[in-house]
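See below for the structure under consideration.
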2 protein chains.
Amino acid sequence: MSTREQTELQTLAQDFREALRHSVYLVRRLDADGDLSAAQLSTLKMLLDDGVRVGEIARNLGVKVPSATEQVIKLERAGLARREADPDDSRAVRVVLTTEGRAAVDSANERRNAVMAGILAALTEDDRKALAAALPVIDKINSSLQN
Amino acid sequence: MSTREQTELQTLAQDFREALRHSVYLVRRLDADGDLSAAQLSTLKMLLDDGVRVGEIARNLGVKVPSATEQVIKLERAGLARREADPDDSRAVRVVLTTEGRAAVDSANERRNAVMAGILAALTEDDRKALAAALPVIDKINSSLQN
DNA sequence: GCTCATAGTTAGGTAGCCTAATAGTTAGGC
DNA sequence: GCCTAACTATTAGGCTACCTAACTATGAGC
């Protein structure tokens with residue numbers, strides 16, 4: 001890698017860090033929406049397909065198992081999820097959505113998408129293209145870190 | 001706006017939300033570095049130029065004033081910042097860096113940039129170009145929300 | 001010189017994360 | 001078959017970073 005490339009890498013690193021830091025505004029704007037916190041909405045979304053084990057929830061959220069248990073307990077108290085015994089492994093717990101949970105995911109998801117769409121609508125078409133082109137890269141970075 | 005554009009907007013909104021959610025991995029990787037939390041490093045960086053008022057710190061961080069006070073108190077206890085009376089307005093407080101604070105910003109900043117650069121080095125040149133092109137857009141979004 | 005606005009702090013509370021310790025279950029070696 | 005080691009989840013206790021509400025002190029307008 002050339003010296004020029006090295007410098008560019010440094011600059012990009014710094015700029016990306018700065019952009020990430022400033023994204024708190026965006027994240028908070030989205031979270032301001034609702035009755036469902038970001039962590040809880042993320043958890044509920046995982047449950048859409050099928051029952052999911054607590055450990056898997058933790059891995060998906062990028063947190064430790066006790067933190068996932070905590071989220072599940074809150075969702076259960078809110079009547080949005082339910083814990084069931086895993087038929088294959090009695091150490092494990094399968095977390096599933098309740099009917100209310102399913103409805104809550106759908107409506108929270110739609111409302112947040114609408115907020116985000118409103119923000120993106122203020123951009124130019126070129127801006128949106130540039131953003132769309134970067135999303136796969138960001139996902140690539142993130143999944144490489146997921147460990 | 002055409003129906004096709006509407007749909008694209010919805011899709012982009014959803015994808016961007018998803019990418020943001022997954023960025024916890026990246027943010028946590030960067031924060032794992034060190035002795036200085038993300039909030040504290042951000043606060044310290046603001047002080048580099050000049051004394052900054054608590055209200056201004058709050059606005060910059062995107063938090064309420066009491067939260068900024070809290071950060072300042074912690075930095076003060078850590079010996080990294082100092083509160084001084086504002087000569088122009090005795091209601092106000094100017095927060096300034098100590099010598100240790102200045103050194104701490106520099107080293108934490110460098111270490112985090114190095115971590116980020118390491119992550120970005122694993123991408124292709126095209127990926128980095130796409131990312132670099134999107135950063136101004138992200139900043140544009142963020143500054144539109146800042147208020 | 002009141003009154004109202006502004007700057008910051010204090011008090012008390014919440015969410016979300018962590019580590020360490022614990023209970024129960026499964027799996028492998030012998 | 002049994003014992004140990006590994007795994008799954010929960011509980012307990014602690015931390016950071018937010019928040020709102022209530023307060024103190026200073027500044028500004030009329």
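The structure displayed is predicted, hence computed values, not measured ones. Protein chains get the first letters and strands the later ones, always in sequence-line order, with residue 1 at the start of each.
For the pair Leu80(B) and Gln40(B), the minimum side-chain heavy-atom distance is 4.5 Å or more.
In this structure, Asp88(B) places its CG atom 18 Å from P of dT6(C), rounding to the nearest Å. In this structure, Asp89(B) places its CG atom 8 Å from P of dG8(C), rounding to the nearest Å. Per the geometry, CD belonging to Glu70(B) stands 10 Å off P belonging to dC19(D), to the nearest Å. Atoms CD1 (Ile73(A)) and C1' (dA15(C)) sit 14 Å apart, rounded to a whole Å. Atom CG in Asp86(A) sits roughly 18 Å away from atom P in dG24(C) (whole-Å rounding). Rounded to whole Å, the distance from NZ on Lys64(A) to C1' on dA21(C) is 17 Å. We find that CD of Glu84(B) is positioned 14 Å from P of dG8(C), with the value rounded to whole Å. Rounded to an integer number of Å, the gap from CZ of Arg28(B) to P of dA17(D) is 14 Å.
With hydrogens and angles ignored, the 3.5 Å screen pairs a side-chain donor or acceptor of Thr124(A) with a backbone N or O of Asp127(A). Between the side chain of Arg21(A) and the main chain of Ser42(B), no donor-acceptor pair closer than 3.5 Å is present. Within the 3.5 Å criterion, the main-chain N or O of Leu120(A) finds a donor-acceptor partner in the side chain of Arg128(A).
Applying the 4.0 Å criterion to OP1 and OP2 of dA17(D), one finds that Lys74(B) has a side-chain N or O inside that range. In this model, the phosphate group of dC19(D) is approached by a side-chain N or O of Ser67(B) to a distance below 4.0 Å at OP1 or OP2. For Ser90(A) and dT26(C), the shortest distance from a side-chain N or O to OP1 or OP2 is below 4.0 Å.
Gln71(B) comes within 4.0 angstrom of the backbone, heavy atoms only, and of no base. Within 4.0 Å (heavy atoms only), Thr69(A) reaches at least one base atom of the nucleic acid. Within 4.0 Å of Arg83(A), counting heavy atoms only, lie sugar-phosphate atoms of the nucleic acid but no base atom. Residue contacts for Val93(A): at a heavy-atom cut-off of 4.0 Å it reaches the sugar-phosphate backbone alone, with no base atom in range.
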- [ ] Under the salt bridge (charged side-chain N to carboxylate O under 4.0 Å, His left out) rule, what do Arg91(A) and Asp86(A) come out as? Steps first, then yes or no, please.
- [x] CA-CA 8 Å; Arg91(A) 292 170 302 181; Asp86(A) 185 321; over 6 Å; no

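The two residues Tyr25(A) and Arg59(B) make their nearest non-hydrogen contact at OH-O, 3.1 Å.
One finds the NZ atom of Lys74(B) at 12.0 Å from the CG atom of Leu36(B) (value rounded to the nearest 0.5 Å).
Near DNA chain C, meaning a heavy atom under 4.0 Å from it, residues 39-61 of chain B has Arg53(B), Val54(B), Gly55(B) in order of number.
Counting distance only, with no hydrogens placed and no angle test, the side-chain atoms of Arg91(A) and the base atoms of dT26(C) include no donor-acceptor pair under 3.5 Å.
Side chain of Pro66(B), nearest nucleotide from dA9(D), dA12(D), dT10(C): dT10(C).
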